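Notes for the one structure printed next.
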Amino acid sequence: MEAYLIEWASLLLRWLHLIVGIAWIGASFYFVWLDNSLRPPEDETLKKKGVAGELWAVHGGGFYNPQKYLVAPATLPRDLHWFKWEAYSTWITGFLLIVVLYYAQAATWMVDPSRPGLTPAAAVAVGLATLAGGWLAYDVLCRLMIERSQVLFGILYYGFVVLMTWLLTQLLPGRAAFLHVGAMLATVMSANVFFWIIPGQKKTIAQMQRGETPDPIHGMRAKQRSVHNNYLTLPVLFCMISNHYAFTYGHPHAWAVLALILLAAVLIRHFFNQRHRGQQQWRYPIAGVVLLMIVAVWLAPTAAVNAASAPVEFARVQQIIAQRCAGCHAEHPTLMPAAPAGVMLDSPARIHALKPRIIAQAVQLKAMPLGNVTGITDDERALLARWGAEKESP
Ligand code: HEC
């Protein structure tokens, strides 16, 4: 029953997290595109009002004409929409999700039984310290670099993220490590909105209400952080979906895999930012795609073990699977509320049908049995590998 309730909590939180995340990233993409697409107005009255750029668009059966005031309009409008709850609710639902899925089930998801070291509680502490420490480190670096080259900032911060990725893959299972890198970056994004962007806008407005000229430092800081957030979107989204791709986080050098994919994501994001400004710099996305291709070639599974002379007895295979897998992967599993990923391995026909996926998960990636809770041995994996190398008889 408890496992079933956890499933529901996870379903509802994940659903909500996606919805508010789409609202946030969607608004962020829209505003970056809008900012880069504005053209100076031709109408003299608009220019007099202080409009620096405008845009005409058609969407959903209506015409839209957003206008951007440089600094601010002469009088503040009574109704001013603030974009902040999209960011806050994405962080809150994401944090609850990590608590339900990882911290509440730390023995399964936060520790690696094949690499004894941390206790589940210590692994959770590492996770929480990553979120808080990741923000502090970024924030200090930002303050130091506010007046300097943002490219240099990017290089330094990328170095820090790679270091954290390496450290986390040493301490946690790959799946949890990748998710924590994503959560660390996403925490930076939300904290930027909460601690800098929104307070900066509030200070600007307060100064205007007092009839003072707004101090440009608030706008400068908010802009710096908002640009960083923009470059973090694609890396964060990759980390969030990475848990479905064991071939990435399950690799012996998973930290380098993630480091290359994150770099590719930033290069591709950079291209779109340039493109909105009317510059097509193809070298960036090409470099990004080349990096992804390098990773794809590097991770390609090597040829399976050469088939040994004697054919593998299928009864042995079935026995191993019944003992090590069917606790979770069966029509009526005992270790899970329902067969995960819809994979059921409780009959010879099903085992034959799913052979390539069984080999991929249990031999090539060693992602299964999950957290090896059922204690599969190396000999058993070797036997599955030999079975995998055999041609399937009809
Ligand atoms: C403790 C429970 C548990 C055990 C034991 C277990 N699995 Fe899984 N399995 C899971 C979960 C959970 C998922 C879904 C993972 C995800 O979504 O990342 C999964 C997913 C899978 C998938 C689908 C992945 C895909 O995309 O193809 C396969 C295949 C699989 N397991 C095979 C096995 C095999 C083979 C064994 C035994 C050697 C095994 N599992 C043992 C929990 C388990």
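Both ligands and their constituent atoms are indexed starting at 1 by order of listing. What you see is a predicted model; the values in this text were computed from it and never measured.
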Atom indices of ligand 1 within 4.0 angstrom of [X] heavy atoms, with elements:
X    : answer
C328 : 1 (C), 2 (C), 3 (C), 4 (C), 5 (C), 43 (C)
M336 : 2 (C)
I358 : 35 (C)
R324 : 5 (C), 37 (C), 41 (C)
N243 : 18 (O)
V373 : 1 (C)

Around atom CH2 of W166, are there more than 12 heavy atoms of other residues, nucleotides or ligands at under 6.0 Å?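 Atom CH2 in W166 is not crowded, with 12 or fewer foreign heavy atoms closer than 6.0 Å.
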State yes or no: are the ring centers of W298 and H251 separated by less than 6.0 Å?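 Yes: the rings meet the under 6.0 Å criterion.
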Quick check on the 6.0 Å ring-centre criterion: do H228 and Y157 meet it?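 Ring centres of Y157 and H228 not closer than 6.0 Å.
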So which protein heavy atom does [atom] come closest to, and at what separation?
atom                    : value
atom 18 (O) of ligand 1 : R175 NH2, 3.0 Å
atom 38 (C) of ligand 1 : C325 SG, 2.6 Å
atom 22 (C) of ligand 1 : V343 CG2, 3.8 Å
atom 20 (C) of ligand 1 : M368 CE, 3.5 Å
atom 28 (C) of ligand 1 : Q361 CG, 3.6 Å

Test of understanding: given a 4.0 Å heavy-atom threshold, classify the contact between [X] and ligand 1 as side chain, backbone, both, or neither.
X    : answer
L345 : side chain
R357 : both
L370 : both

For atom 11 (C) of ligand 1, which of A326, A322, A362, P340 has the closest heavy atom?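 Going through A326, A322, A362, P340 one by one, P340 has the nearest heavy atom to atom 11 (C) of ligand 1.
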Verify salt bridge (Lys or Arg N to Asp or Glu O under 4.0 Å) between D378 and K366, making sure each step is shown before the conclusion. CA-CA 10 Å; D378 287 346; K366 297 197 173 62; over 6 Å; no
Within-cut-off N or O pair, H244 and ligand 1, under 3.5 Å: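 No, H244 has no N/O under 3.5 Å of an N/O on ligand 1.
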Judging by distance only, is a nitrogen or oxygen of H329 under 3.5 angstrom from one on ligand 1?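 Among all N and O atoms of H329, at least one is under 3.5 Å from an N or O of ligand 1.
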Considering non-hydrogen atoms only, spot the tightest contact between T233 and R269 and give its length.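 Minimum heavy-atom contact is OG1-CD, 3.9 Å.
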